[in-house]
*Asks:* 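The structure that follows is given in the form of structure tokens.
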Amino acid sequence: MKIKIISGVAAMVFLTSVQAMGQKTLGEVTKGKFLFGVAVNSRQVIGISAIETELITREFSAIVGENCMKPQPIHPEENRFNWVDADKLVAFGEKNKQVVTGHCLIWHSQVGRWMFEDANGKDVSPEVLKERMHQHISAVVGRYKGRVKGWDVVNEAFEDNGTYRNSKYYQILGKNFIKYAFQFAREADPDAELYYNDYNVETPAKCDAIVALVKELRGEGCRIDAVGSQAHMHMNTPTLDATEASLKKLKAAGVKVLITEWDISILPSPFEGAEISTNFSYSAKMDPYRDAVPDSVQQKWNKRMLDMFGLFLKYSDVVDRVTIWGLTDNTTWLNNFPIRGRKDYPMLFDRNNQRKSVMDEMIKLAEKDK
Ligand code: G3I
């Protein structure tokens, strides 16, 4: 209770200063171009930090659950669903007039082993897995029918070289698991938009595989509205050119594009990608900005954010939403990935919940683009 009161007072002080300055928000200035969204965690939705909740509702036109709709948390056992956090997320979005999207229905990660195993721990047959997928998707999409704008139906089905990831879904059902997922999602809510989502979409072979998938799914009569490019970026990769090339390819394929999990890590990286099972051990060398980010590095990060944002604006005829994967430098997943316990600075708000100066530059850029 004490904590609540303190953070509530702090939020009021913060709000008064922001309102007094009459600052515009990215959610406002990108209206008519694309939705500007944020991934939120369950603590933020229930308002444990009043400041964070205020930032989310003030600055963004869309939200997505960072974790609460994933298969494992929402469907931990075959006959048990846990709707608590996801229900709150959807109600929060409705209350604050923010578009809610769903992440994610079918993913090789964060899914209970029960999905693939029989009572003896052996792989289930293709028929059983297909039926379990059907039940999962019908229940989740059906529950939020008409309230969730669109779903990341399948997440991360490809390797960077464009081959299918050898997931349990793939091992048991082959590539058809993707088609089934899109069919089941459409059946459960014919009006919801349906997306394929992946990281490193800027890698040509992966982008080509996704474009081929879009064509194949459409050829089979499936609905697919957009490709989600997660856009987990580093200081030097992907290049602006590679990012633009991927946007061009997706545009030519006739799908909308969503930038679904945007962040730019300021830290050195031992590898590229967002495969959550990857982990490296800690070393001070890989965590160089524990005290502060040097100005020259900060300027470089600012420029990269602005350049990428400018590109998204340039392609706003096909880019329907840009979502930042987290709110503040305190809460970003990148503090623990791919090395645990580092201090990263990839978000638009700092560790004191203050807007970073780059936001003003982004707002100017969006306004100039009108
Ligand atoms: O909820 C449990 C909690 O009950 C438990 O006590 C605690 C102890 O570790 O773990 C909590 O779960 C963690 C969860 O985040 C919620 O905080 C998981 O361990 C942790 O692995 C999980 O990490 C998430 C990760 O996906 C795996 O689901 C990150 O927050 C989330 O940012 C990240 O997001 C993914 C996208 O979904 C897909 N694209 C890549 C992106 C980054 O990996």
Side-chain angles (χ1 to χ4, degrees), residues 37-46 48-49 52 56 62-77 80-86 88-89 100-113 115 140 148 150-160 165 167 169 181 195-203 206 210 226-234 238 258-265 267 269-280 321-342 344 346-349:
V38 61
V40 299
N41 63 42
S42 300
R43 296 174 73 252
Q44 291 162 336
V45 167
I46 60 172
I48 285 184
S49 161
E52 289 181 14
I56 290 163
I63 56 168
V64 61
E66 186 176 357
N67 287 299
C68 68
M69 286 183 167
K70 288 173 181 174
Q72 204 282 331
I74 210 167
H75 197 173
E77 291 166 32
R80 184 164 70 87
F81 287 87
N82 172 12
W83 303 114
V84 177
D85 289 350
K88 286 181 184 154
L89 174 87
V100 181
T101 51
H103 172 81
C104 50
L105 297 172
I106 297 294
W107 189 21
H108 66 279
S109 183
Q110 316 298 297
V111 52
R113 289 165 67 114
M115 178 66 88
V140 178
V148 163
W151 289 93
D152 291 342
V153 178
V154 175
N155 194 36
E156 303 174 2
F158 291 108
E159 299 287 353
D160 286 355
R165 179 189 293 278
S167 67
Y169 286 112
Y195 319 131
Y196 174 79
N197 194 51
D198 215 325
Y199 61 80
N200 286 353
V201 172
E202 305 81 7
T203 308
K206 198 170 203 172
I210 294 170
V227 168
S229 169
Q230 294 184 9
H232 292 295
M233 298 178 167
H234 303 273
L258 310 171
I259 306 299
T260 48
E261 304 182 16
W262 191 31
D263 47 30
I264 303 184
S265 171
L267 295 177
S269 173
F271 85 120
E272 278 155 30
E275 169 51 47
I276 192 71
S277 60
T278 324
N279 241 293
F280 296 83
R321 170 166 56 91
V322 175
T323 290
I324 295 274
W325 200 245
L327 184 67
T328 76
D329 289 342
N330 262 331
T331 58
T332 169
W333 72 293
L334 287 168
N335 290 325
N336 290 307
F337 178 86
I339 297 173
R340 293 197 72 79
R342 294 196 299 176
D344 207 340
M347 300 280 99
L348 290 174
F349 293 90

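Counting begins at 1 with the first residue of the sequence. Order of appearance sets the numbers: ligands from 1, and atoms from 1 within every ligand.
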*Asks:* Please work out, at 4.0 Å between heavy atoms, whether the side chain, the backbone, both, or neither of W325 comes within that distance of ligand 1.
*Replies:* side chain
*Asks:* How does W107 reach ligand 1, by side chain, by backbone, by both or by neither, if only non-hydrogen atoms under 4.0 Å count?
*Replies:* side chain
*Asks:* If the cut-off is 4.0 Å to any non-hydrogen atom of N155, which atoms of ligand 1 fall inside it?
*Replies:* 38 (C)
*Asks:* Does the protein come close to atom 39 (N) of ligand 1 - that is, does one of its heavy atoms sit below 4.0 Å from that atom?
*Replies:* yes
*Asks:* Under 4.0 Å from atom 13 (C) of ligand 1, is there at least one protein heavy atom?
*Replies:* no
*Asks:* Counting only heavy atoms on the protein side, is anything nearer than 4.0 Å to atom 43 (O) of ligand 1?
*Replies:* yes
*Asks:* For ligand 1, which atoms sit closer than 4.0 Å to a heavy atom of H232?
*Replies:* 40 (C), 41 (C)
*Asks:* Are any of the protein's heavy atoms under 4.0 angstrom from atom 27 (C) of ligand 1, yes or no?
*Replies:* yes
*Asks:* At a 4.0 Å threshold, what atoms of ligand 1 neighbour a non-hydrogen atom of E156?
*Replies:* 38 (C), 39 (N), 40 (C)
*Asks:* Just which atoms of ligand 1 are under 4.0 Å from any heavy atom in Q110?
*Replies:* 27 (C), 28 (O)
*Asks:* Is the shortest distance from atom 32 (O) of ligand 1 to a protein heavy atom below 4.0 Å?
*Replies:* yes
*Asks:* Name the closest protein heavy atom to atom 22 (C) of ligand 1, giving the residue it belongs to and the distance to 0.1 Å.
*Replies:* N67 OD1, 4.0 Å
*Asks:* Let me see the working for E66 and Q44 under side chain to side chain donor-acceptor pair (under 3.5 Å), right down to the final yes or no.
*Replies:* CA-CA 11 Å; E66 186 176 357; Q44 291 162 336; over 6 Å; no
*Asks:* Find all atoms of ligand 1 within a distance of less than 4.0 Å from any non-hydrogen atom belonging to E66, and give their numbers and elements.
*Replies:* 29 (C), 30 (O), 31 (C), 32 (O)
*Asks:* Counting only heavy atoms, tell me which of H103, Q230, M69 gets closest to atom 37 (O) of ligand 1.
*Replies:* H103
*Asks:* Are any of the protein's heavy atoms under 4.0 angstrom from atom 6 (O) of ligand 1, yes or no?
*Replies:* no
*Asks:* Is the shortest distance from atom 24 (C) of ligand 1 to a protein heavy atom below 4.0 Å?
*Replies:* yes
*Asks:* Please could you name the atoms of ligand 1 that W333 approaches to less than 4.0 Å, counting only its heavy atoms?
*Replies:* 32 (O), 42 (C), 43 (O)
